[in-house]
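Note on naming: letters A, B, ... go to the chains in the order of the sequence lines (proteins, then strands), and numbering restarts at 1 for each one.
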Amino acid sequence: MAFAAFGSANAPAAGKPTRSGKVVIALLAPGLAYLGAFFLTPLFALIMVSLEVPDPNGGYAEYVPAFEIGNYFYVISEYLPHILRSFGYALAATVLALVISYPLAYFIGVKARPWPLLQKLMLTLVIAPFFISFLLRTLAWKQIFSNESWIVSSLHDIGLLAPTQYVVGTPFMVIFGLTYNFIPFMTLPLYTSLERLDLRYLEAGSDLYASPSKVFRKVTLPLSMPGIISGTLLTFIPIAGDYINASGDFLGSSSTSMIGNVIESNYLQINDYPSASALSVLLMGVILVLVSVYVKKSGTEDLL
Amino acid sequence: MNKNLAEDPQLREMVKAALAHKVTRRAVLGGAMATGAAALLAACAPGGKTELTPAKDVSDSDPSVIWSNWSLYIDVDDKGNYPTLEKFQSETGVTVTYREDYDDNDSYYGKVKDQLALGQDIGADLTCPTSWMAARWINQGYVQRFDDAELPNKKNVQPAYLGEAYDPQRTMSLPYQGILAGLAYDKAAYKAATGKSAPAVLADLWNPALKGRVGVLSEMRDTVGLVLMDQGIAIGDADSLTADAFMNAIDVVGAKVSDGQIARIKGNSYKDDLVNGDTIIAIAWSGDIIQLNAEAGYDRFGFILPESGGTISADCFVIPMGATHKKNAEKLMNFYYDPYNAAVLAAYVNYITPVVGAKEEAMKLDPALADNELIFPSEAFLSKTQGFRALDSKEEQSFTKAFQQIKLGA
C-alpha cells in the first residue's frame, strides 16, 4: 500500500507540487505511526490509569477507571519531599557536572587543537566508561566508599566523619554518583560547540582591550551557549527521573529516595498504579514547564 | 514442539493461536492487537471477576515442565548441574527447564499479574511464591487444584504446614521450603563494636554502637513481625495483631530508619552487605547464613532467634491456571516429597524441610546435618516461631503502604 502511493506520487511529482503532499504523508507515516503507537497511546494509558480508583469489591491492587483528580493532590501531599529532593539533587548534580565539564571540554576543544591525536584520545577517555554497564560502575563506587573501605576509615581517623557516620546512603554520595554518571552527557555537547569556536573572535576581543575574563564572558560563553543549554538539558532531565543512584541497593538509602524510587516502589512493590502514574505525569509536566521556562529565559528557542 | 516456541509468554500465546488456526500474518497482527487490548482491558477492567479455567494439560504428549524458582534454592554440583533434577528426569522421563527468575514476591507478581488475571501462560508451569503471596493467588483464583492421585507423597507434608486459612488441606499449594527469619551477625565485628559475643534480644539491634550498621529485610512480614513479637504481640492472632499494633511497630522501625540506626532495608541482596562488612547485624533468613558461612569457609556469621522468637513462613509450590504441564508439575512436587530427595535438597539449600522422614534420611547422609536445628527444627525450637496472620486485601494494602513509606523515607 505505502509503496504504491509512493510510486504513483513520485512519477509526476516534478511539475505538480500539489501531489507532493501525498509523498510527504507517505514518508511521514512510519514516524507518525511510531509516535502514535509508542508515545501517544502509552501516554494516554498513563493518564487514564493515573485517574483510577481502587475497586471497592476488588482484591489486592485492583483498580477501576474513574476520574479521580484527587490522586494528584494525594501524591503531591504524600511525596512533596521526594519531588523537591529530586529537583534539588538534579540541580546540584547538573551544576557540578557543568563546572567540571566546561574546563575539560574547553581544554579538549580549544587548547588541544594543535594535537588532534591528544584530542581524540581525551574524547575517547570521556566516552570510555560507557563501554561498561553503568550499574556496574555505580556498584563499584559503592564498594569504594563502603563502610570498611580505606577511604571511610581514613575519614574516621582524621575526624572528618564521626565514628558512626558513613558515606554510602548520604545525599553527598547520591549527588556524587549522579554527577559522575552524567558528566559525559555534559562534556560532549560542550565539546561540539567549543570545538567550532573561532579563535579569531577571541583575538579581536583582546585587540579591543578586553581582559581575558571579559573575553570569556562576552565572547566564549555566549558562543558556547548552545552547548551549555543542550548539555544541561541532557543531564537535568534524566537525573530528575533517575532511580538507580538514589536507590538503597546502590548509593542511596531511605533518606535519599527520589521521585523515580517512589514511582518504582509504587509500581513494582505495592502495585499502587494510580499513584505511580500520577507521579509520572507530574514529573513529566514539571520537567516540561521547567525546561520551557529555562529555554525561553536563555533565549535559545531556536535550539528546540 | 513447545520447546521451540518463543520465550515471552505473551508472544508464545500469539504463536500458539496462530499455529492452531493456521492463519495469515495479518490475522496474527490482529491477534497481537487483541492480546494487547485484552491485556490493557485486564489492567483496567473491574477486577476481572470471571472465573478462570485451567489450561489444557498436554503433559502426556509433551514430557516437559518449566519451574521458576528463587536463586540458590536447589542443589547444584560443581559442573553447574542440578543432581536432584537429573535424578527426577531419569526416573520419570520428564525434562525440567529450571529458571532462577523469581527474585522478589512483589516484582514477580507485578510482572505476571496481567497474564494471571487472564488465565494465560505466565511462562512457568510451577513456581514458588511465599505463602502470603500464594494466598493472594489462591484467593484470586489464579492457580489450579492438584490431583492427589498424582501426589502419593503428599502424606509426607509436615502437619505444621496444614491448616493454613488460605488452603487448609493443601489442595492448591504445597510448601517447598520453610523459611525462618531471625538475627544474623558478623561474629568478630559484633564483638569489636559492642563488646558482647552475641545478640540475645531484638533490642540489641538498637545498640548505639551499631548505628548505621544495621540491616533489615524488605519483607514486611519478617521485619515488622519480629518487632511486633518483641513487643509481645502474637502475630498469628488477629485479636493481638490489630492495625493499631501494626502501626505502632511501624513507628518503631520508622524512627530507627530516620535516626540512621537502620541503614539498609533490603531483599535478597542484604547478603552482599553482610559479606562486604557494611552490615554488622541484620534481620536475615537462616538458610542464607548457613550458605554464607560455607562460602566464607569458617563460621563467620552467627544466627540466633531473639528471645521473643522468630518468624516462620514457607515458599509454596503453585501451578498457575495457564500452565499446560500440570501432571508433570505434580510429578515433580511428588518427587521432592520423597524423604530421601528432600534430605538431599536440604543438605544443599539449608532451609527448613517440610517433609516428614527427611530427618531420618539425612541422618544416614550426614548426621551433623540432621542435628542442625535450623534445617530440622525440634518441637521446642518451632514453638519459638510464629507465622504472620493472613491479611485481607484492605489491610494488606494499608500495611504494605505504611511499610513502603519507611523504605522511601520522608
Side-chain angles (χ1 to χ4, degrees), chain A residues 37 41-42 45 48-49 52 54-65 78-82 85 139 142-143 145-149 152 161-170 246-250 252-259 261-262 264-273 275, chain B residues 36 40 43-49 104-111 113 117 136 139-141 189 193 208-213 218 220 254 257-258 260-267 269 272-273 276-280 391-397 399-401 403-410:
Chain A
T41 316
M48 293 310 289
V49 172
E52 285 183 357
D55 184 352
N57 314 312
Y60 181 81
E62 290 184 331
Y63 300 92
V64 283
E78 191 84 341
Y79 299 114
L80 188 65
H82 302 87
R85 185 184 294 138
L139 277 179
K142 185 191 171 203
Q143 202 65 22
F145 283 98
S146 69
N147 296 354
E148 295 289 322
S149 66
V152 174
L161 282 180
T164 53
Q165 279 184 319
Y166 301 97
V167 180
V168 173
T170 58
S247 125
D249 287 331
F250 290 87
S253 66
S254 26
S255 61
T256 62
S257 308
M258 293 168 65
I259 190 167
N261 303 98
V262 178
E264 189 248 357
S265 154
N266 270 300
Y267 258 115
L268 295 177
Q269 306 297 322
I270 66 168
N271 309 115
D272 184 350
Y273 306 114
S275 295
Chain B
L40 194 71
C44 309
K49 285 285 164 270
D104 176 88
N105 280 308
D106 291 308
S107 59
Y108 191 83
Y109 181 73
K111 202 160 72 181
K113 73 182 275 280
R136 188 190 294 174
N139 292 338
Q140 319 230 52
L210 296 167
K211 188 176 176 203
R213 308 297 287 270
S218 59
M220 173 186 87
V257 170
S258 49
Q261 181 73 21
I262 296 174
R264 288 168 195 84
I265 309 174
K266 288 203 181 178
S269 57
D272 306 336
D273 297 315
N276 74 15
D278 277 359
T279 299
I280 292 177
L391 301 175
D392 67 41
S393 68
K394 293 239 160 38
E395 280 176 320
E396 190 170 357
Q397 217 135 9
F399 286 14
T400 45
K401 184 110 200 167
F403 188 59
Q404 181 233 18
Q405 303 296 48
I406 294 181
K407 286 195 260 179
L408 290 174

Contacting moiety of [X], where chain B heavy atoms sit under 4.5 Å:
{"X": "A:Asn266", "value": "both"}
{"X": "A:Tyr79", "value": "side chain"}
{"X": "A:Ser275", "value": "side chain"}
{"X": "A:Gln165", "value": "neither"}

Legend entry - Closest contact, heavy atoms only, A:Tyr166 versus B:Lys211: CE1-O, 3.6 Å
Inset, instruction - Quick one: closest heavy-atom pair of A:Ser253 and B:Ala263, and the distance? - result: CB-O, 4.1 Å
Check whether [X] gets within reach of chain A through its side chain, its backbone, both or neither, counting any heavy atom under 4.5 Å.
{"X": "B:Thr400", "value": "both"}
{"X": "B:Asn105", "value": "neither"}
{"X": "B:Lys111", "value": "neither"}
{"X": "B:Gln404", "value": "side chain"}
{"X": "B:Lys266", "value": "side chain"}
{"X": "B:Tyr109", "value": "side chain"}

Legend entry - Lys/Arg N to Asp/Glu carboxylate O, A:Lys142 vs B:Asp272, below 4.0 Å: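 No salt bridge links A:Lys142 with B:Asp272.
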Legend entry - NZ/NE/NH1/NH2 to OD/OE distance under 4.0 Å, B:Arg213 and A:Glu148: yes
Inset, instruction - Flag the one option from B:Asp273, B:Val257, B:Asn276 with the top tally of heavy-atom pairs under 4.5 Å to chain A. - result: B:Asn276
Legend entry - Winner by heavy-atom pair count (cut-off under 4.5 Å) against chain A, out of B:Glu396, B:Arg264, B:Arg136, B:Lys407: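 Heavy-atom pair counts peak at B:Arg136.
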Inset, instruction - Sort out for me which of A:Asp249, A:Asn147, A:Leu80 touches chain B most, counting heavy-atom pairs under 4.5 Å. - result: A:Asn147
Legend entry - side chain to side chain contact (heavy atoms under 4.5 Å, CB included) partners of B:Asp104, counting only residues at least two apart: A:Gln269, B:Asp106, B:Ser107
Legend entry - Any residue meeting salt bridge (charged side-chain N to carboxylate O under 4.0 Å, His left out) with A:Glu264, in chain and number order, not counting sequence neighbours: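 Testing A:Glu264 for salt bridge (charged side-chain N to carboxylate O under 4.0 Å, His left out), a comparison that skips the adjacent residues, returns none.
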Inset, instruction - Answer yes or no: is there a side-chain heavy-atom contact under 4.5 Å between B:Leu408 and A:Ser265? - result: yes
Inset, instruction - Rounded to the nearest 0.5 Å, what's the gap from CG on B:Asp278 to OG on A:Ser149? Could you check? - result: 8.5 Å
Legend entry - From CD (B:Gln397) to CG (A:Asn271), nearest 0.5 Å: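 The distance works out to 8.5 Å.
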Inset, instruction - Check whether any side-chain N or O of A:Ser254 sits under 3.5 Å from a backbone N or O of B:Gly409 as a donor-acceptor pair, and report yes or no. - result: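 No, because the side chain of A:Ser254 does not come within donor-acceptor range (under 3.5 Å) of the backbone of B:Gly409.
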